There are 2 protein chains.
Amino acid sequence: MTQKNRSLTLRDVSEASGVSEMTVSRVLRNRGDVSAATRDKVLTAAKELGYVPNKIAGALASQRVNLVAVIIPSLSNMVFPEVLSGISQVLEDTELQPVVGVTDYLPEKEEKVLYEMLSWRPSGVIIAGLEHTEASRAMLNASGIPVVEIMDTDGDPVDAMVGISHRRAGREMAAAILKAGYKKIAFLGTKMPLDHRARKRFEGFTEVLAKSGVEVVDREFYSGGSALAKGREMTEAVLERSPDVDFIYYSNDMIGAGGLLYLLEKGIDVPGQIGLAGFNGVELLQGLPRQLATMDACRREIGTKAAEIIAARVNDVEKEGQVTLAPTISFGDTLRGV
Amino acid sequence: MTQKNRSLTLRDVSEASGVSEMTVSRVLRNRGDVSAATRDKVLTAAKELGYVPNKIAGALASQRVNLVAVIIPSLSNMVFPEVLSGISQVLEDTELQPVVGVTDYLPEKEEKVLYEMLSWRPSGVIIAGLEHTEASRAMLNASGIPVVEIMDTDGDPVDAMVGISHRRAGREMAAAILKAGYKKIAFLGTKMPLDHRARKRFEGFTEVLAKSGVEVVDREFYSGGSALAKGREMTEAVLERSPDVDFIYYSNDMIGAGGLLYLLEKGIDVPGQIGLAGFNGVELLQGLPRQLATMDACRREIGTKAAEIIAARVNDVEKEGQVTLAPTISFGDTLRGV
DNA sequence: TATCGGAATGTTACCGCGATCAGTTGCGCC
DNA sequence: GGCGCAACTGATCGCGGTAACATTCCGATA
């Protein structure tokens, strides 16, 4: 309680406890041999003073920073908090700590955030996506630390990568939909040219449809606003425009849920008259009147695997660096099974 | 591309550009007078080498760290990402940068996270809640930096605070419910003794009911799982146990939405037979078949105000440090208006 | 022409800590 | 009693920058 404005240093604790700064340092880090008596003296003094070590100085001196930069496009997507939670869970058992940066899906902002984070000399980087500016890629290369690119595996990583193939996810969903006999398929998504994963899903999706001579009969994109409400509105708009649609593929579960609620209200037979599918497998949707067909994006597992790779590499342990997880389709109640 | 493992320093840039390290430092920070010619030389060299400044060293030398610690209980609550976004928005216009720590509603983890963050000597702290361990409070006090406690204003802050009165929020909702003529009121919430804000809302709620001689006829608490699904289940359970319930107050919108969906499916008249209200005003719910009554928690504004206070104090600008925002009740379609 | 002043650049002294190496004890043992 | 080793403690240096002060250079001024 009694401290001047200047913040405390090892020296203060050392003076208060009558030992050298070095010994205080050892006690506080649990390194090397210190007698129980001295240890107690030091700990008491430190606690009494309310001393908090200065990691800045520590990091500079030891050339070690126990931070892992985690760079993601958004926090409001629900997907990323889940990935984060997987990362945290694994890092909790190590001395490493995640630090999050958000890019808002903007490449230039990503570059800025990356620069900022690298300037703290973290022990590793986990970054969403495989698409980065050339400068970002160069920084990652030059950083000399382990880098794991997550979410997506359709492309070439700088170093390691963990994710699913969104192209394949799109393909599989298309195949399932065709197999169930739907023919007039619409696609509803986000207006985000920079969301490469959504784009790849769409590409995979149309690719398979095309092979069967099917084309997406209608599509609509939104941005901003409540996803649930947008799902509703877009679904309504599509049905008005293309009343013969018999399947709607949504680029995420949230708008899918909005669509589902809308159709049920209108008394439309789901999945008889119209089938639906989303993407992500968000837990939240378990409470819907009907279970939306979706595809698990392995969010948590992506986080844990990525963190494990970082943790291993930081300790110079070799570890497979290209992990492609297999998303599983969940038919729910809105996509006729085989 | 051509770099050894050792990371670059000012010296490398200085040698590459033929000027002193000090001059390089000045160029890179845009400080002091440097001739255009030298500036160009330095910038070129820096870019060519791919030099990224070491903030650790810089921070140690300058005793300035442009980080603001933001400590929140959870990221999966949707409430906090929104607060965060308010914070980021304001800090974006300053040189400050938020760094997030998550406590999982555990006081000891909060203490640990706080300690960890303070050891990086941030310029300010924004921390959720007014309840902290004694040690945490001591650390905040001793840190000598601006501290803003957010979300809640029912209590005494260490320094500054921004939020709403959850007690009052509970009271107002109770008053509105009574005024609308409901009598058999149930409460459904989370099993989180450590969520002090939910607790305070509940206290305010029952306090007002008590004044009118009304008691909560039933209550139920959940933990874990999909909030939407839990809202469903709990609502079902309550109706079974207490069929004469005519109002259900949910501690958050998500479970409220689950309850709403359940009741609508059962063909129960909402708000005729049973009225509903939640808490938070989450945007997400705008897509529900009926608009759930709720109360806006001013999440984004809490973030911006808190960040503004930090930004002001960091620059030694005086600024009112006790901000109580007024949440507004939104009747929606599930609470009869007056 | 000698002096002055400001712009441009360099030098020095740390910032707070940890790696390293150098003592200093105490103790068992021959 | 002296030796060797283990257990403990301390002194020094430097991590990569920046603040503060010192210096150089040059044109303007009297």
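Keep in mind that what you see is a predicted model, and the values were worked out from it rather than measured. Chain letters run A, B, ... following the sequence lines, proteins first, then strands; residues in each count from 1.
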How many Å lie between [atom1] on [X] and [atom2] on [N], as a whole number?
X: B/Asn54; N: D/dG16; atom1: CG; atom2: P; value: 7 Å
X: A/Glu21; N: C/dC17; atom1: CD; atom2: P; value: 8 Å
X: A/Leu28; N: C/dG16; atom1: CG; atom2: P; value: 16 Å
X: B/Lys55; N: D/dG17; atom1: NZ; atom2: P; value: 12 Å
X: A/Arg26; N: C/dT20; atom1: CZ; atom2: C1'; value: 10 Å
X: B/Leu8; N: D/dG17; atom1: CG; atom2: C1'; value: 14 Å
X: B/Ile56; N: D/dG16; atom1: CD1; atom2: C1'; value: 10 Å
X: A/Leu60; N: C/dG16; atom1: CG; atom2: C1'; value: 9 Å

Nearest non-hydrogen partners of A/Trp120 and B/Val65, listed with the distance: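 Looking at all heavy atoms of both residues, the closest pair is CH2-CG1, 3.9 Å.
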For A/Ile127 against A/Val147, the heavy-atom pair lying closest together: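 What the structure gives for the nearest pair is CG2-CG1, 4.4 Å.
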Nearest to the [X] side chain among [options], which nucleotide is it?
X: A/Met22; options: C/dA19, C/dC17, C/dC21; result: C/dA19
X: A/Thr9; options: D/dG17, C/dC17, C/dA19; result: C/dC17
X: A/Thr23; options: C/dA19, D/dG10, C/dG16; result: D/dG10
X: A/Ala61; options: C/dG18, D/dT18, D/dG16; result: C/dG18

Look at [X] and [N] and indicate whether a side-chain polar atom (N or O) is within less than 4.0 Å of OP1 or OP2.
X: A/Arg64; N: C/dA19; value: yes
X: A/Tyr51; N: C/dG16; value: no
X: A/Gln63; N: D/dG16; value: yes
X: A/Ser20; N: D/dG10; value: yes

Any luck finding a side-chain donor-acceptor pair between [X] and [Y] under 3.5 Å?
X: A/Thr38; Y: A/Ser35; answer: yes
X: A/Glu111; Y: A/His132; answer: no
X: A/Arg29; Y: A/Ser25; answer: yes

Steps toward salt bridge (charged side-chain N to carboxylate O under 4.0 Å, His left out) verdict (B/Arg11, B/Glu15): CA-CA 6 Å; B/Arg11 156 155 255 107; B/Glu15 282 170 0; 3.4 Å; yes
Sugar-phosphate, base or nothing in reach of B/Arg29, heavy atoms under 4.0 Å: sugar-phosphate
Touch class at under 4.0 angstrom, heavy-atom based, for A/Leu10 against every strand present: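 Result for A/Leu10 = sugar-phosphate.
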Proximity to DNA chain C (any heavy atom under 4.0 Å), residues of residues 31-43 of chain B only: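 Only B/Asp33, B/Val34, B/Ser35, B/Thr38 qualify.
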Test: A/Arg313 and A/Glu318 ion pair at under 4.0 Å: no
Ion pair check, A/Glu131 and A/Arg197, cut-off under 4.0 Å: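 Looking at A/Arg197 together with A/Glu131, the answer is no, because their closest N to O distance does not fall below 4.0 Å.
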Side chains of B/Val100 and B/Leu84 in contact at under 4.5 Å (non-hydrogen atoms): yes
Range-with-range stems for DNA chain D, at least three Watson-Crick or G-U pairs under 3.5 Å: C:1-30 with D:1-30
Polar side-chain contact A/Arg121-D/dG16 base: donor and acceptor under 3.5 Å: no
Qualifying residue for side chain to side chain contact (heavy atoms under 4.5 Å, CB included) with B/Thr153, from B/Thr324, B/Val162, B/Val323: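 Option passing the side chain to side chain contact (heavy atoms under 4.5 Å, CB included) with B/Thr153: B/Thr324.
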